[in-house]
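See below for the structure under consideration.
Both ligands and their constituent atoms are indexed starting at 1 by order of listing.
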Amino acid sequence: MEQFVPVITVDGPSGVGKGTLCARLSAHYGYHFLDSGALYRVLGLAANKHNILTDEHALTALARHLPVSFKDGQIWLTTENVTDAIRTETVAAFASQVAAIPSVRTALLAFQQDFARLPGLVADGRDMGTVVFINACAKIFLDATPEVRAERRIKQLKNQGLDANIDQITKEIRERDERDRNRAVAPLKAAIDALIIDSSNLSPDEVFNQAVAWVDQRCVDRQLIV
Ligand code: DC
């Protein structure tokens with residue numbers, strides 16, 4: 001008998017707080033966690049290293065056998081710890097570029113779906129609820145204005161001792177949104193059955209509480225019935 005694996009999807013634009021929400025949800029429910037953005041970032045980083053960022057064929061082949069692993073909160077590309085290296089704006093741009101290629105997305109599909117294991121999964125990305133886990137029991141679309149997201153990003157960078165220009169960051173966020181929302185394949189959009197949370201004026205606790213109420217209603221009750 002096929003077992004019901006509860007999957008919670010959290011989609012939304014970059015810098016909206018999906019990572020924070022997903023970490024809390026995954027700790028709260030004791031579920032596994034998939035950071036799909038990290039996958040595209042690792043692919044972008046590796047592609048740049050091998051000089052194949054514009055070679056669709058080679059990129060797809062690399063995506064099919066991407067030697068990436070996630071262990072204890074660290075991300076590895078073969079034996080190299082790339083946890084910090086993939087978080088730069090440059091690598092984000094590479095990721096956005098490779099993520100727009102349909103064959104690359106298809107090549108990464110099964111790898112992502114394989115994360116759906118008991119006791120459950122929290123999946124963070126852009127198309128988790130619309131493409132990768134269409135049968136997820138609870139879907140959330142987290143949003144916030146580009147200005148609010150840029151301010152949050154600046155705070156993050158400051159905490160890491162890095163300096164950044166707010167106008168530049170806002171511009172980069174808008175450009176990335178534009179690319180992610182308008183690309184032909186798996187564009188960023190809320191699934192029709194997703195709860196949309198606009199976090200612009202909400203605290204992380206308020207976002208978390210809304211999300212938990214939704215998940216409890218959509219997944220936990222269903223788990224009891226099954
Ligand atoms: O969430 P992030 O900033 O780490 O994502 C990096 C890039 O990867 C971003 O441009 C969008 C893309 N991405 C995607 O297309 N699909 C996903 N499921 C996750 C990320």
### Query
Among protein heavy atoms, which sits nearest to atom 20 (C) of ligand 1, and what does the distance come to when rounded to 0.1 Å?
Gly37 CA, 3.5 Å

### Query
Under the side-chain hydrogen bond (donor to acceptor under 3.5 Å, both in side chains) test, which residues partner Gln168, sequence neighbours left out?
Glu172

#### Entry: Exercise: do Thr88 and Arg41 side chains pair donor with acceptor under 3.5 Å
no

### Message
Would you say that Arg105 contacts Leu109 through its side chain, given a criterion of any heavy-atom pair below 4.5 Å between the two side chains?
### Response
no

### Query
Got an N/O contact under 3.5 Å between Arg183 and ligand 1?
yes

#### Entry: Contacting atoms of ligand 1, where contact means under 4.0 angstrom from a heavy atom of Ser96
10 (O)

### Query
Among protein heavy atoms, which lies nearest atom 7 (C) of ligand 1, and at what distance?
Ala95 CB, 3.7 Å

### Query
What atoms of ligand 1 come within less than 4.0 Å of a heavy atom belonging to Ser36?
17 (C), 18 (N), 19 (C)

#### Entry: Test salt bridge (charged side-chain N to carboxylate O under 4.0 Å, His left out) applied to Glu147 and Arg152, step by step
CA-CA 9 Å; Glu147 289 74 17; Arg152 290 177 186 165; over 6 Å; no

### Task
Using a 4.0 Å heavy-atom cut-off, say whether Asp180 meets ligand 1 through its side chain, its backbone, both or neither.
side chain

### Message
Under 4.0 Å from a heavy atom of Ala99: which atoms of ligand 1 are those, numbered in the order shown and with their elements?
### Response
12 (C), 15 (O)

### Task
Check ligand 1 against Met128 and write out every atom of the ligand that is under 4.0 Å from a heavy-atom position of the residue.
18 (N)

### Arg105-ligand 1 polar pair, N/O distance under 3.5 Å
yes

### Query
Looking only at protein heavy atoms, which one is nearest to atom 9 (C) of ligand 1, and how far off is it?
Arg126 NH2, 3.6 Å

### Task
Would you mind running through ligand 1 and noting each atom that sits below 4.0 Å from a heavy atom of Arg176?
10 (O)

### Message
For ligand 1 and Tyr40, I'd like to know whether there is a polar contact (N/O to N/O, distance under 3.5 Å).
### Response
no

### Query
Is Val185 reachable from Val131 through a run of hydrophobic residues whose side-chain heavy atoms are each under 4.5 Å from the next?
no

### Message
Checking side-chain polar atoms at under 3.5 Å, does Tyr29 have a donor or acceptor matched by the opposite partner on Asp216?
### Response
yes

### Query
Against heavy atoms of Arg41, which atoms of ligand 1 measure under 4.0 Å?
2 (P), 3 (O), 4 (O), 6 (C)

### Query
Any side-chain donor paired with an acceptor under 3.5 Å for Ser203 and Asp205?
no

### Task
Take Asn81 and Ile75, measure what side-chain contact (heavy atoms from CB on, under 4.5 Å) needs, and give me the verdict at the end.
CA-CA 6 Å; Asn81 187 333; Ile75 303 168; 5.6 Å; no

### Query
Does an N or O from Lys18, backbone or side chain, lie closer than 3.5 Å to an N or O of ligand 1?
no

Contacts table for residues 5-20: side-chain donor-acceptor under 3.5 angstrom, sequence neighbours left out:
{"from": "Asp11", "atom 1": "OD1", "to": "Arg126", "atom 2": "N", "distance (Å)": "3.1"}
{"from": "Asp11", "atom 1": "OD1", "to": "Asp127", "atom 2": "N", "distance (Å)": "3.1"}
{"from": "Asp11", "atom 1": "OD1", "to": "Met128", "atom 2": "N", "distance (Å)": "2.8"}
{"from": "Asp11", "atom 1": "OD2", "to": "Met128", "atom 2": "N", "distance (Å)": "3.2"}
{"from": "Asp11", "atom 1": "OD2", "to": "Gly129", "atom 2": "N", "distance (Å)": "2.7"}
{"from": "Ser14", "atom 1": "OG", "to": "Arg176", "atom 2": "NH1", "distance (Å)": "3.4"}
{"from": "Lys18", "atom 1": "NZ", "to": "Gly12", "atom 2": "O", "distance (Å)": "3.0"}
{"from": "Lys18", "atom 1": "NZ", "to": "Pro13", "atom 2": "O", "distance (Å)": "2.9"}

